[in-house]
Amino acid sequence: MVCTGCALLCEDVEKYDGEVRDACRIGTAHIRNRQQINPMVDRKVVDMDSAIKGALDILSHAKRPVFVGFGNSITETQQTGIRLAEKIDASIKTFHTGIIENILNNRVKTCTLSDVRDYADVIVFWECDPMNTHPRLLSKYAYYPRGEKRQHGWEEDRIAITIDLRYSHTASICREVHKIHPGLDADFIDALIDGLHNKVPKTTYDKKQILKLAGTLKKAEFGVIFAGTGMTTPQDAIIRLMDELNEVSNFHILPMTPGYNLRSIAAQLHGRADSGIDMHEADCVLCLGFDLLNSLPVHEINGKMIVIDPNDTISSRYADVVIPCAAGGVDCAGSAVRMDGVEVDLPRIMESERISDASIMNQLLEAM
Amino acid sequence: MRLQFEEFLAAPECKIMIVTYPDIFQIEAKLKYGKFSREYQDLSAIIMLDSGDLKKIGIKDGDTVAIKSEGVNVVVTAKESEEEHPGIGYMPESVWSNILGVYPVSATVSRSQQEIPAIDELLSRSVS
Ligand code: SF4
């Protein structure tokens, strides 16, 4: 079975006698629990048909609709969602896809997680903390396992480095740890680029440490940067760093995507024209598997809100229409794209009466 | 608890930059008990502060602090960090931190007598 608890999409998870085996803390909680919500219109519980009718009513009157999220839905739902957006000229907003865009545009070199396991000798965790977000990354691919060219594993064959705003849990297993000052990410990159060119950097950071880091990166046979997608570093600085690194070394980048299927929606939306409606101007906001109000104050949403989600969220409490759905890969089957671009089939883990978000989007598409 | 305004105004302030971080136990609590649960709130509505900064504002580990940034006011529990990071506060990613703005956020932190607001209350009164 496959766990959709994060974008690693671990394929070795088992459910046996009601117990989830081999999943991490996040995966186990994700598979076993659901904060179920009722279908609602105007915050009153209704049946599913009425909730879907309520959503249709809002969508059919919308002049400036915006769809948000999509990263926590199976690929099939995303495809239907895009068709629905095209039909009513809605803008689709996903978040944290900057590095994926650069990969899709071939601006930065990337690799698969299997490549990391087999070949990576220098692994950099840049503004990310997989021990807390993608817990099995280190044990399955990035650090601990032996690989084709890394038979001695982490003890001898791999060097892990953390570059972050804080001393994270992941930092505690790394040989080198570099702290970035908040807001000074680009300065760190500039200093590092100087170091890569054997120049003593003009910087407020520790020059010796920067030169040591540059030396380690230059010696990499197969380097990989796991980049936090919420990282505050400007995208152009990341591209510049990757270009410079690949002049003197061999480096790949992998985005630590927050949604389990963010890579898929980013690829599907790549190069597609979008109506570009601003969230604040939207008269209808459809949240698909995404808790918008977790990050945006409620008073900044001026339109009607529709929420399609397997769980009770902050947004569902404020939404005009709530449509509960099955959770992708748990109680409905489908497919998804792992954080490194590998397609994965998601079988259903447990029986459920819940309707998939793909089926809900289909109903909306057909009725519009 | 009513806001004891004089005391709040008189409380010494410390300027900090706020940075968010992910916490596996908080993510697990969200999945197990939901975002409106006490378990999730206890692991979310916190800020990790440098021991020197705690002293500056006259509080100890576990006390309540008010964080202010551009008109937004959030009350959370202060925790003392084991490592030194003067001038920087670390908050788990959640609505209690996100409401302060886009990271890194400049803010002031001071002692507070207020209770930590639940999510509904936080969203309704966050703009002071
Ligand atoms: S690492 Fe991610 S995909 Fe793997 S078991 Fe944990 S949550 Fe699930």
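Hydrogens, waters and symmetry mates play no part in the numbers below; they use all other heavy atoms, side chains included. Chain letters run A, B, ... following the sequence lines, proteins first, then strands; residues in each count from 1.
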| Which atoms of A:Arg32 approach chain B - backbone, side chain, both or neither, heavy atom under 4.5 Å | neither
| Side chain, backbone, both or neither: which part of B:Phe36 has a heavy atom under 4.5 Å from chain A? | side chain
| task | Check whether the side chains of A:Thr257 and A:His96 place a donor and an acceptor atom closer than 3.5 Å, and report yes or no. | result | no
| If you count heavy-atom pairs under 4.5 Å with chain B, which of A:His30, A:Arg34, A:Arg317 comes out on top? | A:Arg317
| request: Give the member of A:Leu296, A:Thr28, A:Asn294 that has the highest number of heavy-atom pairs under 4.5 Å with chain B. | output: A:Asn294
| query | With distance as the sole criterion, is a donor-acceptor pair present between the side chains of B:Glu83 and B:His85 under 3.5 Å? | reply | no
| task | Using non-hydrogen atoms and a 4.5 Å limit, figure out which bit of A:Asn311 sits close to chain B: side chain, backbone, both or neither. | result | neither
| Structural part of B:Glu82 lying under 4.5 Å from a heavy atom of chain A | neither
| field | Contacting region of B:Lys32 [heavy-atom separation from chain A under 4.5 Å] | value | both
| task | Answer yes or no: does atom NZ of A:Lys93 have more than 12 heavy-atom neighbours from other residues, nucleotides or ligands under 6.0 Å? | result | yes
| said: At a 4.5 Å cut-off on heavy atoms, which part of B:Glu28 comes close to chain A: side chain, backbone, both, or neither? | reply: both
| request: With side-chain hydrogen bond (donor to acceptor under 3.5 Å, both in side chains) as the test, would you mind laying out the steps for A:Asp129 and A:Thr170 before giving the verdict? | output: CA-CA 5 Å; A:Asp129 183 10; A:Thr170 305; 2.5 Å; yes
| request: Measure up the A:Tyr205 and A:His181 rings against each other and bin them: parallel (under 30°), tilted (30 to 60°), perpendicular (over 60°). | output: parallel
| query | Does the salt bridge (charged side-chain N to carboxylate O under 4.0 Å, His left out) test come out yes or no for A:Asp22 and A:Arg136, once each step is laid out? | reply | CA-CA 10 Å; A:Asp22 295 329; A:Arg136 296 179 74 202; 5.7 Å; no
| Residue B:Ser97 versus chain A: region with a heavy atom under 4.5 Å | neither
| task | Determine, step by step, whether B:Asp61 and B:Lys79 satisfy the salt bridge (charged side-chain N to carboxylate O under 4.0 Å, His left out) criterion, reporting the C-alpha distance in whole Å, the side-chain angles of both residues, the deciding distance to 0.1 Å, and the verdict. | result | CA-CA 5 Å; B:Asp61 182 85; B:Lys79 303 256 186 198; 5.6 Å; no
| message | Under 4.5 Å from any heavy atom of chain B, what part of A:Thr313 do you find: side chain, backbone, both or neither? | response | backbone
| field | Test log, rule salt bridge (charged side-chain N to carboxylate O under 4.0 Å, His left out), inputs A:Asp320 and A:Arg43 | value | CA-CA 7 Å; A:Asp320 298 281; A:Arg43 285 163 221 166; 5.1 Å; no
| Top contributor to chain B contacts, counting heavy-atom pairs under 4.5 Å, from A:Asn33, A:Asn132, A:Thr133, A:Asp291 | A:Asn132
| request: Using a cut-off of under 4.5 Å on heavy-atom pairs, state which of B:Asp23, B:Ile18, B:Thr20 scores highest against chain A. | output: B:Asp23
